[in-house]
Amino acid sequence: MPYLSNIIFAILLFLAVFVFRRNILFIKRNIQMGKAVDRSDHSKARWSNMFRVALGQSKMVSRPVAGVLHIIVYLGFVLINLELIEIVLDGLLGTHRLFAPFMGGFYNLLIASFEILAALVLVSVIVFWLRRNVVRINRFWKDEMKGWPKMDADYILYFELVLMTLFLSMNATDQLLQQAGTPRYTQAGLFPISQWMTPLFSSFSDPTLLLLERSFWWLHILGILVFLNYLYYSKHLHILLAFPNTYFQNLNPKGKFKNNEAVTHEVKLMMNPNADPYAAPSAEIPEKFGASDVTDLNWVQLMNAYTCTECGRCTDQCPANQTGKLLSPRKIMMDTRDRLEEVGRNITKSVGFVDDGKQLLDDYITREELWACTSCNACVEACPIGIDPLSIIIDMRQYLVMEQSAAPSDLNKMMTNIENNGAPWPFSNQDRMLWAHEN
Amino acid sequence: MHVPTLAELTAEGKKPEVLFWVGCAGSFDERAKKITKSFVKILQKAEVSFAVLGTEESCTGDPAKRSGNEFLFQMQAMTNIEVMNAYEVTRIVTTCPHCFNTLKNEYPSLGGKYEVMHHTTFINTLLKENRFTISGTTYKGKRITYHDPCYLGRANQVYQAPRELIQKLDAELVEMRNCKSKGLCCGAGGAQMFKEPEKGNKDINIERTEQAMETQSEIIVAACPFCNTMMTDGVKNKEKEGQVQVQDIAEMISKAEDL
Ligand code: SF4
Ligand code: SF4
């Protein structure tokens, strides 16, 4: 069967892409459960935001060490993936280094730069691992990182470590085969890094080398296909979603909170006794004010949740978190994603949502967390990929106050004061000008 | 001091160049009232024709909105907008970043479209237009640190105006380790001013005061009445009232110029 390996490769590739597509559709459906919000304006500003923040990683470098290392890994990821085109075609066509004859010297340059990048990625990944596990940087060890999130972060690093090592080992054995004049292994490529690895393999016989080279090749590409499908379960999903997420990010001043249009309609009715209560409402009255579950949030907030990298930069800057309160904006995003996944699985399983007696409020995010927020926007500012945890907190507060009248008692007093005398304190509005007459 | 209201001016057939939105803290809070008066003195010195709403002013609704009470917020907003639109208000200046943010960002879609400025920006413009000058040397060479109010800085990107004013006072501005877009909140925002903090291991204002005190400054400048209260409490908590003052920029300018 001369075509056996091509066929196996084609089947595996098809399977991987098929499962990947299914996962993406699942995510898409879940995000679309969110409420409508219009982010179709200012497309120029949005594109430029995406180029700067997602592609250009402009916000990563506000923390220089992590930022630079991340840019290396990211460049490595993007550029080495160019090599993937050749690997996939080789796999399908049964060729070896398909592009080499067409590219000449440029091919050598490409392979050489991939190798250097791969080495840099290896170093960065090791430093990342050390920062997490030896230096134990505080933000990676908060409560919400226990269990799967911690493991996920490490798995990603191991994955990259293994993939890069396989890539370099593949090139090392390839070189030896080239030198031995093995058929199909034509002279191609320049190997500034893996040439130092050849002594590791030079004692092997040609058939063993051939076996090794093929194994490395297969493991490398299989690893990538597995990684592709791991994304769905991982914070690593951000490598895809960071792009739409930064595109659709809020462009208004951070202090501008959206005005609820359904409320505007009601308030206008209340304030104007002559208004026709049966006139067509300017906005539909929602079944619920604010958010108590993920389906009350808008689709951008849900996309935010899938995009979160769990880096904790938000939590690190959060004044409430810094002073030991329960609130962690990262946890708000992680909880939203977990609950959204739960709702999604529920819908898939039962073809339609079956009440599971749970919701985002209380079962995931507690009131204590919500009331600890100062709405300072430090989390929004800190997020390297344009996530807005604050908007979720405010939507959930709206539910607590407008649907449940469940604000902390001090806040209720403050609001009663505003209602009665137009100030958050119990002073008479008639006394507003007293200051002008005092010394 | 005589402070004209819009009602008075309108009755006289006059129209001021700007409405001074005093805000609830500025009207009722003992500490904040001093800031209000200092700012009025500056307006008078620069011969700005201004007016206040007086008893016709009502809370902007900011603390209600941040608490999640959209109904109350919009009621307040629409009442205020009705009043201001009746007077054909076009420009507003305010000493409170919360009022500033709400009036500037959240009133337009409810029908209240005005040019809104924070007093630091406004004073800075007055200086640039040579409507008054700062020549006093009260603060010359003093070490001063500036605390960015969240609703002025991160929320609305006003970082420079207050800093330029401090420099015009010839003071030595020492930045805290977290400043500008990374400035730490004083702990009052999001209606926290009106409630007890959730349980934790420290109060936010203490943390911020410590950061301010690390700069070894004699004066902590806050450009917000709530930040002012929080930082003042922080300094008291550290028993450093004798060494460290908390001041608003308007107060400093009015003191330097002996207004
Ligand atoms: S806005 Fe709220 S959650 Fe975000 S950093 Fe400030 S206090 Fe923390
Ligand atoms: S919300 Fe942004 S800053 Fe916070 S953990 Fe997620 S990616 Fe990081």
Side-chain angles (χ1 to χ4, degrees), chain A residues 62 252-257 259-260 263-264 266-268 270-271 289-290 317 319-320 322-327 368 371-378 380-382 394 396-402 407-408 410-411 413-415 418-419 422-425 427 429-436 438, chain B residues 1-3 5 22 24 26-28 33 36-37 40 52 54-55 57-59 61 63-72 74-76 78-79 101 105-106 109-110 150-151 154-157 181-182 184-185 187-204 207-208:
Chain A
S62 68
N252 290 324
K254 292 193 181 65
K256 177 175 181 175
F257 293 10
N259 290 333
N260 188 323
V263 172
T264 311
E266 299 252 306
V267 171
K268 277 191 177 146
M270 271 191 303
M271 291 191 42
F289 289 113
Q317 296 290 319
Q322 280 181 29
T323 53
K325 276 90 182 168
L326 216 50
L327 172 63
E368 184 177 340
W371 291 118
C373 174
T374 71
S375 73
C376 72
N377 262 307
V380 185
E381 179 77 40
I394 295 294
M396 294 183 75
R397 280 186 177 185
Q398 286 192 356
Y399 174 81
L400 284 175
V401 172
M402 292 196 284
D410 286 343
L411 289 188
K413 270 183 228 148
M414 176 271 288
M415 291 187 276
I418 295 182
E419 268 169 51
W425 299 287
F427 293 113
N429 211 43
Q430 292 312 308
D431 294 343
R432 255 191 200 265
M433 283 289 284
L434 284 187
W435 58 268
E438 298 162 357
Chain B
M1 55 174 54
H2 179 68
V3 181
T5 61
V22 184
C24 298
S27 306
F28 295 118
K33 282 197 261 186
T36 307
K37 284 183 257 183
V40 166
V52 299
T55 53
E57 186 184 297
S58 189
C59 175
K65 184 159 179 99
R66 312 300 140 187
S67 303
N69 196 336
E70 188 73 11
F71 273 105
L72 182 52
Q74 293 201 15
M75 295 273 289
Q76 289 299 116
M78 286 192 209
T79 316
N101 175 70
N105 293 321
E106 290 161 359
S109 79
L110 300 172
C150 304
Y151 276 86
R154 262 192 303 276
N156 290 296
Q157 308 292 317
S181 67
K182 289 192 164 184
L184 183 74
C185 175
Q192 296 292 340
M193 182 73 194
F194 306 99
K195 63 185 263 298
E196 287 302 312
E198 271 54 40
K199 90 179 173 309
N201 50 33
K202 204 184 218 176
D203 281 343
I204 296 173
E207 175 73 23
R208 187 52 169 170

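Residue numbers start from 1 in every chain, and the chains themselves are labelled A, B, ... in the order their sequence lines are given, proteins ahead of strands.
- Proximity to chain B (any heavy atom under 4.5 Å) is shown, for A:A407, by neither the backbone nor the side chain.
- Minimum interatomic distance between A:L411 and B:A191 (heavy atoms only, all atoms of both residues): CD2-O, 3.4 Å.
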Residue pair B:K195, A:W371: steps toward the side-chain contact (heavy atoms from CB on, under 4.5 Å) verdict:
CA-CA 10 Å; B:K195 63 185 263 298; A:W371 291 118; 4.2 Å; yes

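- Ranked by heavy-atom pairs under 4.5 Å with chain B, the list A:E438, A:K325, A:K254 is led by A:K325.
- Within the model, atoms CG of B:L110 and NZ of A:K268 stand 7.5 Å from one another, a figure rounded to the nearest 0.5 Å.
- Residue B:A155 comes nearest to A:P253 through the heavy atom pair O-CB, 3.4 Å, listed as atom of the first residue, atom of the second, then distance.
- Among B:S181, B:A188, B:G187, B:G26, the residue with the largest count of heavy-atom pairs under 4.5 Å with chain A is B:S181.
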Are A:K413 and B:F194 close enough, and set up right, to give a side-chain contact (heavy atoms from CB on, under 4.5 Å), and what steps lead you there?
CA-CA 9 Å; A:K413 270 183 228 148; B:F194 306 99; over 6 Å; no

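- Heavy atoms of B:E207 lying under 4.5 Å from chain A belong exclusively to its side chain.
- Within the 4.5 angstrom heavy-atom criterion, atoms from both the backbone and the side chain of A:M415 approach chain B.
- When all heavy atoms of A:V401 and B:S67 are compared, the pair lying nearest together is CG2-O, 3.2 Å.
- Here A:V267 is the residue among A:I394, A:L434, A:V267, A:L326 with the most heavy-atom pairs under 4.5 Å with chain B.
- In this structure, the portion of B:Q76 lying under 4.5 Å from any heavy atom of chain A is its side chain and not its backbone.
- Using a 4.5 Å cut-off between heavy atoms, B:Y151 contacts chain A through its side chain alone, with no backbone atom that close.
- Other residues, nucleotides and ligands contribute only 12 or fewer heavy atoms inside 6.0 Å of the CD atom of B:E196.
- The residue among B:C150, B:C185, B:S27 with the most heavy atom pairs within less than 4.5 Å of chain A is B:S27.
- One distance of note links NZ of B:K182 with CD of A:Q317; it measures 5.5 Å at 0.5 Å rounding.
- Rounding to the nearest 0.5 Å places CE of B:M193 at 13.5 Å from OG1 of A:T374.
- Looking only at heavy-atom pairs under 4.5 Å with chain B, the residue among A:I418, A:N377, A:L400, A:N252 that has the most is A:I418.
- For B:T5, the part lying under 4.5 angstrom from a heavy atom of chain A is the side chain only.
- For the pair A:N259 (side chain) and B:E106 (backbone), a donor-acceptor distance under 3.5 Å is present.
- Checked by atom type and distance alone, the side chain of A:R432 pairs as donor or acceptor with a backbone atom of B:E57 at under 3.5 Å.
- At a 4.5 Å heavy-atom cutoff, the contact between A:W425 and chain B is made by side-chain atoms alone.
- Side-chain atoms of B:E198 never come within 3.5 Å of backbone atoms of A:A320 as a donor-acceptor pair (strictly under, hydrogens ignored).
- Contact detail for A:C373 and B:Q192: the closest heavy-atom pair is O-NE2, 2.7 Å.
- Chain B forms more heavy-atom pairs under 4.5 Å with one residue of A:K256, A:M396, A:E419 than with any other, namely A:K256.
- Atom CG of B:N69 and atom CZ of A:R397 lie 12.0 Å apart (nearest 0.5 Å).
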side-chain contact (heavy atoms from CB on, under 4.5 Å) between B:I204 and A:Q322: does it pass, once the steps are laid out?
CA-CA 8 Å; B:I204 296 173; A:Q322 280 181 29; over 6 Å; no

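- Distance check: A:E266 CD to B:F71 CZ gives 4.5 Å after rounding to the nearest 0.5 Å.
- Atom CE of B:M1 and atom CH2 of A:W435 lie 6.5 Å apart (nearest 0.5 Å).
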